[in-house]
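Step one of this worksheet: look at the structure below.
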Amino acid sequence: MDQIHFTLSEANALLPQLQEDLLKLQLLTQQFEEKFDELQVLKATTDRGSDDPFFEAESQLEFMRMDIELHIGNFDRKGVFLKMINPGLIDFPSILDGEEILICWKQGEDRISHYHGWNDGFMGRKAFPEA
């Protein structure tokens, strides 16, 4: 499949949906981490009998993990790169002056206004000329 390239306005138009998706993903990962921590405590304090007392909790964690992976895949399917879940960091492939770049957004920013080169990373962000 060919790489999708976004204009700055296309990226900003998609941002509200991505922000909503990100919040759902953050909630799912928080719930997963809490459930995982609870299971670790339970394992440390429970005497194992002949039955597996952890099967249900481990099964729930596995389903939660699959749900998280599905939500992460939704970003890929939209053609964007989810770089970090918390805080959210999303890159949009684009072209500027004939060069491939990544328009980038960090959670907390109202709109997208920066970009960086493919090898520069977040620290190499520059203000988008049209922003």
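Distance CE/M84 to CG/L82: 9.5 Å, rounded to 0.5 Å. Considering NZ of K35 and CE of M64, their distance stands at 7.0 Å, rounded to 0.5 Å. With rounding to the nearest 0.5 angstrom, the OG1 atom of T45 is 11.0 Å from the CD atom of Q40. To the nearest 0.5 Å, the span separating CG on L96 from OG1 on T7 amounts to 12.0 Å. Within the model, atoms CE of M66 and CZ of F63 stand 4.5 Å from one another, a figure rounded to the nearest 0.5 Å. The structure places CG of D37 at 10.0 Å from CZ of F32, a figure rounded to the nearest 0.5 Å.
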Item checked: Worked verdict on E34 versus Q30 for side chain to side chain contact (heavy atoms under 4.5 Å, CB included) -> CA-CA 6 Å; E34 290 170 359; Q30 177 186 350; 3.1 Å; yes

Notebook entry, point to check: Can you check side chain to side chain contact (heavy atoms under 4.5 Å, CB included) on L61 and F54, steps first, answer last?
Noted result: CA-CA 11 Å; L61 277 172; F54 313 117; over 6 Å; no

Next item on the list: Decide yes or no on side chain to side chain contact (heavy atoms under 4.5 Å, CB included) for L23 and Q107, but give the supporting numbers first.
Entry: CA-CA 10 Å; L23 290 174; Q107 192 170 21; 3.8 Å; yes

Check: Please walk me through it: do I72 and I85 pass side chain to side chain contact (heavy atoms under 4.5 Å, CB included)?
Finding: CA-CA 9 Å; I72 289 171; I85 295 173; 4.1 Å; yes

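Screening residues 9-33 for salt bridge (Lys or Arg N to Asp or Glu O under 4.0 Å), with sequence neighbours left out, gives E20-K24, D21-K78. For residues 83-109, the set of pairs meeting the salt bridge (Lys or Arg N to Asp or Glu O under 4.0 Å) definition, not counting sequence neighbours, comprises E109-R125.
At least one side-chain heavy atom of L25 sits less than 4.5 Å from a side-chain heavy atom of F75. With a 4.5 Å cut-off on side-chain heavy atoms, Y115 and P129 count as touching. Within the 4.5 Å cutoff, side-chain heavy atoms of L14 are placed close to those of V80.
More than 12 heavy atoms of other residues, nucleotides or ligands shown are found within 6.0 angstrom of CD on E69. The environment of CZ in F36 is sparse: at most 12 heavy-atom neighbours from other residues, nucleotides or ligands sit within 6.0 Å. Around atom CG of N119, no more than 12 heavy atoms belonging to other residues, nucleotides or ligands sit under 6.0 Å away.
The minimum heavy-atom distance between G79 and F6, with the atom names listed, is O-CE1, 3.4 Å.
No single ILVMFWY cluster, assembled from side-chain heavy atoms under 4.5 Å apart, contains both L102 and L22.
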